[in-house]
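Single-structure report; data block below.
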There are 2 protein chains.
Amino acid sequence: MNKEEQVIMGFRDLLNKMVLLNKFKMEDSLKGYKPSEVHCIEYIGRNVDSNVVKLAESFYMTTGAISKLTKKLIKKGTIESYRKPDNKKEIYFRLTDQGKVIYKIHEELHKEFQERDKSVFEQVTEEQFDSMLSFVEKYSRHLDAEIKKLG
Amino acid sequence: MNKEEQVIMGFRDLLNKMVLLNKFKMEDSLKGYKPSEVHCIEYIGRNVDSNVVKLAESFYMTTGAISKLTKKLIKKGTIESYRKPDNKKEIYFRLTDQGKVIYKIHEELHKEFQERDKSVFEQVTEEQFDSMLSFVEKYSRHLDAEIKKLG
DNA sequence: GCATTTTTGCTTCCTTGTCAACAAAATAAT
DNA sequence: ATTATTTTGTTGACAAGGAAGCAAAAATGC
């Protein structure tokens with residue numbers, strides 16, 4: 001296995017481990033909310049005028065899946081939908097007070113994760129960060145172009 | 001968003017894009033086989049004496065899911081199971097001739113992907129590779145330890 | 001040697017997400 | 001203006017994967 005593959009597979013492995021760990025921790029402090037739901041709450045809390053399409057694009061999921069997910073969160077009372085007077089098509093989401101509580105808890109958890117992994121990131125120099133970020137950006141742009149080629 | 005998050009989210013985004021692209025390409029040249037099936041065939045082709053547990057650990061999936069997946073591939077005639085005379089519990093998998101054909105096609109596809117992304121990797125120096133790999137390894141070990149703490 | 005625990009694999013039920021078809025609104029084309 | 005196209009969101013059928021419970025074999029403990 002060459003270094004290119006090692007880097008890609010290494011990061012895939014890394015992300016899998018994070019998903020595993022986060023799931024465990026979230027089940028603890030955010031009982032009743034699945035990772036995908038929390039992820040959704042996080043996005044809506046951060047971005048004003050979130051809608052089904054934006055959420056779908058950001059999560060690399062279909063609009064159908066997001067439609068179901070948001071309906072579930074509305075039923076739970078975590079988010080609510082609203083429209084704009086001059087637009088009868090688009091439907092936006094915002095957090096309810098209950099949703100804001102979840103959002104806050106998630107933020108705390110996030111800080112906890114950062115604290116947990118601090119020892120690793122302390123060893124990374126500014127140059128290493130910039131080097132990785134530049135790689136990610138270049139590769140990402142390249143893949144965007146390739147995706148565009150397909151339609 | 002700090003650089004730590006940027007790196008992690010950047011790579012998550014990158015892998016999502018790859019999954020998307022690979023799915024498209026595979027649907028083209030490996031009709032009748034889903035990405036997870038191809039992934040499974042790849043692993044079995046590379047590792048002698050693959051079994052349900054090893055596959056599950058490698059893919060971060062449950063043994064139940066792998067059990068179903070391998071059964072499907074056996075039904076399709078892509079892989080076959082075998083046992084060892086001194087072990088009545090473990091069940092191993094190997095590729096059939098048909099499976100080897102799929103494996104070969106997948107390898108070609110893989111080379112095609114490398115060729116497609118060559119321009120990006122050519123710009124990465126040996127030092128950058130080593131730096132990223134060292135980061136991945138350190139972080140991975142750290143997360144392993146954290147996972148171990150949970151049980 | 002026997003009892004207990006762990007490992008391995010399977011099955012059933014349930015949740016989550018995709019796909020395809022669709023409707024309604026908005027935008028573009030002519 | 002009115003027709004065609006695109007965008008946005010929903011639904012129902014289906015497939016993939018997880019969780020829990022189970023059985024048989026193997027490993028461990030005593």
Side-chain angles (χ1 to χ4, degrees), chain A residues 16 19-24 26-28 31-41 43-44 47 49-76 78-94 150-151, chain B residues 16 19-24 26-27 31-41 43-44 47 49-76 79-94 150-151:
Chain A
N16 276 328
V19 167
L20 197 70
L21 258 172
N22 292 2
K23 212 174 67 181
F24 268 107
M26 281 204 205
E27 277 167 6
D28 238 32
K31 288 187 213 302
Y33 292 90
K34 300 271 170 66
S36 66
E37 296 174 290
V38 176
H39 199 186
C40 194
I41 292 164
Y43 186 94
I44 293 171
N47 304 88
D49 295 348
S50 306
N51 64 3
V52 168
V53 172
K54 285 182 205 159
L55 281 162
E57 280 172 358
S58 160
F59 297 171
Y60 293 88
M61 284 168 58
T62 60
T63 60
I66 301 294
S67 181
K68 289 170 192 169
L69 185 50
T70 50
K71 281 211 172 315
K72 196 161 59 169
L73 287 174
I74 289 172
K75 213 171 193 172
K76 279 190 181 181
T78 330
I79 66 173
E80 59 190 10
S81 64
Y82 63 97
R83 288 157 174 278
K84 294 190 179 180
D86 55 334
N87 189 318
K88 290 167 189 166
K89 190 171 64 161
E90 292 180 17
I91 301 166
Y92 306 98
F93 304 110
R94 67 163 88 93
L150 298 175
Chain B
N16 277 329
V19 167
L20 196 70
L21 258 173
N22 292 1
K23 213 174 65 180
F24 268 106
M26 281 204 207
E27 276 166 5
K31 287 187 213 301
Y33 292 90
K34 299 271 169 66
S36 66
E37 296 174 292
V38 176
H39 199 186
C40 194
I41 291 164
Y43 186 94
I44 292 171
N47 304 88
D49 294 349
S50 305
N51 65 3
V52 168
V53 171
K54 284 182 204 162
L55 281 162
E57 282 172 356
S58 160
F59 296 171
Y60 293 88
M61 284 167 61
T62 60
T63 59
I66 301 294
S67 182
K68 291 171 196 168
L69 186 51
T70 50
K71 282 212 173 312
K72 196 161 59 168
L73 287 174
I74 289 172
K75 213 169 193 174
K76 278 190 181 180
I79 64 173
E80 59 190 8
S81 64
Y82 63 97
R83 289 157 172 276
K84 294 190 178 180
D86 55 336
N87 190 319
K88 288 166 192 167
K89 191 170 63 160
E90 293 179 17
I91 300 166
Y92 307 97
F93 303 110
R94 67 163 89 93
L150 299 175

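As the structure is a computational prediction, the values presented were derived from the model and not from experiment. Basis for what follows: all heavy atoms, side chains included, without hydrogens, waters or symmetry-related copies. Proteins come first, then strands; the chains are lettered A, B, ... in the order of their sequence lines, and each starts at number 1.
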Can you tell me the distance, in whole Å, between the [atom1] atom of [X] and the [atom2] atom of [N]?
X       : N      : atom1 : atom2 : value
B:Leu73 : D:dG17 : CG    : P     : 11 Å
B:Lys34 : D:dA15 : NZ    : P     : 8 Å
A:Leu20 : D:dG17 : CG    : P     : 16 Å
A:Leu55 : D:dT10 : CG    : C1'   : 15 Å
B:Tyr60 : D:dG18 : OH    : P     : 13 Å
A:Phe59 : C:dT18 : CZ    : C1'   : 17 Å
A:Glu37 : C:dT15 : CD    : P     : 12 Å
B:Glu57 : D:dG17 : CD    : C1'   : 17 Å

Can you tell me if [X] touches the phosphate of [N], counting only side-chain N or O atoms and a distance under 4.0 Å to OP1 or OP2?
X       : N      : result
A:Lys72 : C:dT15 : no
A:Ser67 : D:dG9  : no
A:Asn51 : D:dG9  : yes

Output the distance between atom [atom1] ([X]) and atom [atom2] ([Y]), rounded to the nearest 0.5 Å.
X       : Y       : atom1 : atom2 : result
B:Ile74 : B:Glu80 : CD1   : CD    : 9.0 Å
A:Lys34 : A:Leu73 : NZ    : CG    : 11.5 Å
A:Ile44 : A:Ser81 : CD1   : OG    : 10.0 Å
B:Asn47 : B:Leu55 : CG    : CG    : 8.0 Å

### Query
More than 12 non-hydrogen atoms from neighbouring residues, nucleotides or ligands closer than 6.0 Å to OH on A:Tyr60, yes or no?
yes
### Task
Give me the residues of residues 78-91 of chain A where at least one heavy atom lies under 4.0 Å from an atom of DNA chain C, by number, or none.
A:Asn87, A:Lys88, A:Lys89
### Message
Please compare A:Glu27 and A:Ile66 by the position of their nearest nucleotide in DNA chain D and report the one closer to 5'.
### Response
A:Ile66
### Message
Pairing donors with acceptors under 3.5 angstrom, does anything connect the side chains of B:Glu90 and B:Tyr92?
### Response
yes
Between the protein and nucleotides 21-23 of chain D, list the N/O to N/O atom pairs that are separated by less than 3.5 angstrom.
none

Look at all strands and tell whether [X] reaches a base, only sugar-phosphate, or nothing, counting heavy atoms closer than 4.0 Å.
X       : answer
B:Lys54 : nothing
A:Ala65 : base
A:Lys68 : base
A:Tyr92 : nothing

### Query
Taking the inter-plane angle between the rings of A:His39 and A:Phe59 on a 0 to 90° scale, is it parallel (under 30°), tilted (30 to 60°) or perpendicular (over 60°)?
parallel
### Message
Apply side chain to side chain contact (heavy atoms under 4.5 Å, CB included) to residues A:Asp49 and A:Lys84 and explain how you reach the verdict.
### Response
CA-CA 10 Å; A:Asp49 295 348; A:Lys84 294 190 179 180; 2.7 Å; yes
### Message
Looking only at the side chain of A:Lys23 (C-beta and beyond, no hydrogens), which of the listed nucleotides D:dG18, C:dC10, D:dT11 gets closest?
### Response
D:dG18
### Message
I need the minimum non-hydrogen distance between A:Ile66 and A:Val52, along with the two atoms involved.
### Response
CG2-O, 3.9 Å
### Message
Does the Lys NZ or Arg CZ of B:Lys76 fall within the cation-pi geometry relative to B:Tyr33 - under 6.0 Å from the ring centre and within 45° of the axis?
### Response
yes
